[in-house]
Chemist: 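This structure is in structure tokens; I'll ask about it shortly.
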Amino acid sequence: MRGARSPRARICGQGQGIGMVTEEIQTYKQREDALILAHYYVPDEVQALADYVGDSYYLAKAAAKAQKRTVVFCGVRFMGESAKILNPASRVLLPAADADCPMAHMEKAAHIASLRANIRDLAVVCYINSDAKLKALSDVCVTSSNAVKIVSALPNRNILFIPDENLGSFVRAQVPHKNFFFSGGYCPVHAAVSPQDIAAARRAHPKAAVLMHPECVAEVRALADYVGSTAQIIAAARENSFDEFIVCTEPGVLYELKKACPAKTFYPVSPVCADMKKITPERVLACLREGSGEVSVPEDLAARARRPLERMLEMGG
Ligand code: 13P
Ligand code: SF4
């Protein structure tokens, strides 16, 4: 996580094309009173032009307190939706309006209703990687960096964790006194990594420690040295005495890892998230210039989805 830097410093060495696009973005940013937020998975050149780059929790907090007329969210739809719900006074623009997270829809309202009807003392805990309709049916939202803390603090004994069963099982292992139900959702990017991939990476890089995201499946997580959100992975690489790391999350995070630890070496093992890679500097410029990709959430839906998001901000610290 880091603050704003000089736009001129950013364009050095990136060629005239990207330099001109970056210059134009700065002009439109001022004209539109805009803040640019970016997730660690978007392309390097988009991270380089953002005001703030971070994990999902950091970005949700940054969006909630942004006092700007416009927030440009360089990420997938659920991120822009959460920003709009938390900050309805700002216009939220998605540079790639077609960038969606498949996991965000991997739960059904009927399943939630059925558990609510049949299980006493149940809390519905919704990973922020979910659409507004799922959030609206939930008691609290979480991200990968605060899920253990929030679930531990809930008074309820029974937890329906939606939609990501992998993050859910990671939380369950650390909150063993609670009873968990799942919806079977998963991230196709993280679930694509197999135990054989980790074994091969360890053989190729025997001195490296394995840093991993909790969206990976449980049998792969068992092979990691450290499991955490993208921001926690970056902090672990910075603080750890190892010089080499196998990185098991979307490889966009290597941009920040290399900046944070220039003397260390990183080996990615996960595939890319095609949706995150849809965001380009040209699309950032286009949405600022044309006001395209504006996120709109009907107010009755936003009001219901806002409660679990705000509860996350209260409980997450
Ligand atoms: P975090 O950055 O919160 O770890 O989230 C990872 C992710 O998959 C976002 O889509
Ligand atoms: Fe969704 Fe996975 Fe892409 Fe994150 S990396 S946006 S969870 S598909």
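All ligand and atom numbering here is 1-based and tracks the order in the structure. What you see below is based on every heavy atom in this structure, not just the backbone, and it leaves out hydrogens, waters and symmetry mates.
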Chemist: Any idea which atoms of ligand 1 are less than 4.0 Å away from a heavy-atom of Ser229?
Modeler: 4 (O)

Chemist: Is it the case that ligand 1 has an N or O less than 3.5 angstrom from some N or O of Thr143?
Modeler: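 There is no such contact.
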
Chemist: Heavy-atom count check: over 12 atoms from other residues, nucleotides or ligands less than 6.0 Å from Phe182 CZ?
Modeler: yes

Chemist: Under a 3.5 Å threshold, yes or no: a donor from one side chain and an acceptor from the other, between Arg283 and Ser292?
Modeler: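 No donor-acceptor contact under 3.5 Å links the two side chains.
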
Chemist: Within ligand 2, which atoms have a heavy atom of Met103 less than 4.0 Å away?
Modeler: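 Contacts of ligand 2 toward Met103, numbered from 1: 7 (S).
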
Chemist: Examine the side chains of His213 and Ser229 and answer whether a donor and an acceptor come within less than 3.5 Å of each other.
Modeler: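 The answer is no; no qualifying pair exists.
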
Chemist: Where the side chain of Lys149 meets the backbone of Gly316, is there a donor-acceptor pair that is under 3.5 Å apart?
Modeler: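 Judged by distance alone, yes, a pair lies under 3.5 Å.
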
Chemist: Can you pull out the closest protein heavy atom to atom 5 (O) of ligand 1? Residue, atom name and distance to 0.1 Å, please.
Modeler: Ser56 OG, 3.3 Å

Chemist: For a distance under 2.8 Å, tell me if Cys101 has an N/O/S atom near atom 2 (Fe) of ligand 2.
Modeler: no

Chemist: To the nearest 0.1 Å, how far is atom 8 (O) of ligand 1 from its closest protein heavy atom, and which atom is that?
Modeler: Glu215 OE2, 2.9 Å

Chemist: Counting only heavy atoms not in Glu290 (residues, nucleotides, ligands), do more than 12 fall under 6.0 Å from its CD?
Modeler: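 Count over threshold, so yes.
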
Chemist: Nearest to atom 4 (O) of ligand 1, what protein heavy atom do you find, and at what distance?
Modeler: His213 NE2, 2.7 Å

Chemist: When you measure from the heavy atoms of Ser144 to every atom of ligand 1, does any distance fall below 4.0 Å?
Modeler: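 Yes, that is the case, since the closest heavy atom of the residue is under 4.0 Å from the ligand.
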
Chemist: Give me the residue, atom name and distance of the protein heavy atom closest to atom 10 (O) of ligand 1.
Modeler: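 For atom 10 (O) of ligand 1, the nearest protein heavy atom comes out as Asn129 ND2, 3.3 Å.
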
Chemist: Hey, is the main chain of Leu134 close enough, under 3.5 Å, to the side chain of Asp131 for a donor-acceptor pair?
Modeler: yes

Chemist: Out of all atoms in ligand 2, which are within 4.0 Å of some heavy atom of Cys187? Include the element for each.
Modeler: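 Every atom of ligand 2 under 4.0 Å from some heavy atom of Cys187: 2 (Fe), 5 (S), 7 (S), 8 (S).
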
Chemist: Counting only N and O atoms by type, is there a donor-acceptor contact under 3.5 Å from the side chain of Lys264 to the main-chain atoms of Leu257?
Modeler: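 Absent.
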
Chemist: Check whether any side-chain N or O of Asp44 sits under 3.5 Å from a backbone N or O of Tyr255 as a donor-acceptor pair, and report yes or no.
Modeler: no

Chemist: Tell me whether His39 reaches ligand 1 (any heavy atom closer than 4.0 angstrom to a ligand atom).
Modeler: yes

Chemist: Under a heavy-atom criterion of less than 4.0 Å, does Met79 contact ligand 1?
Modeler: yes

Chemist: Tyr186 and Glu215: side-chain donor and acceptor closer than 3.5 Å?
Modeler: no

Chemist: Could you tell me the residue and atom name of the protein heavy atom closest to atom 7 (C) of ligand 1, and the distance to it rounded to 0.1 Å?
Modeler: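 For atom 7 (C) of ligand 1, the nearest protein heavy atom is Tyr41 CE1, 3.4 Å.
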
Chemist: Distance check below 2.8 Å: does Cys273 bring an N, O or S atom to atom 1 (Fe) of ligand 2?
Modeler: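 Given the 2.8 Å cut-off, Cys273 does not count as a ligand of atom 1 (Fe) of ligand 2.
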
Chemist: Is it the side chain, the backbone, both or neither of Pro102 that has a heavy atom closer than 4.0 Å to ligand 2?
Modeler: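 The side chain, only.
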
Chemist: I need the atoms of ligand 2 closer than 4.0 Å to a non-hydrogen atom of Asn129, numbered in the order shown.
Modeler: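 What qualifies from ligand 2 is 7 (S).
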
Chemist: With backbone taken as N, CA, C and O and side chain as the heavy atoms from C-beta onward, which portion of Glu250 lies under 4.0 Å from ligand 2: side chain, backbone, both, or neither?
Modeler: neither

Chemist: What are the atoms of ligand 1, with element, lying closer than 4.0 Å to any heavy atom of Asp55?
Modeler: 1 (P), 2 (O), 3 (O)

Chemist: Please check this pair: side chain of Asp33 against backbone of Lys68, looking for a donor-acceptor N/O pair closer than 3.5 Å.
Modeler: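 Side chain of Asp33 to backbone of Lys68: no pair is present.
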
Chemist: State which residue, out of Arg304, Arg307, Arg311, Arg116, fulfils the salt bridge (charged side-chain N to carboxylate O under 4.0 Å, His left out) condition with Asp139.
Modeler: Arg116

Chemist: Using a strict 4.0 Å threshold on nitrogen-to-oxygen distance, state whether Lys135 and Glu81 make a salt bridge.
Modeler: no

Chemist: What do you reckon, does Thr230 have a nitrogen or oxygen under 3.5 Å from a nitrogen or oxygen of ligand 1?
Modeler: yes

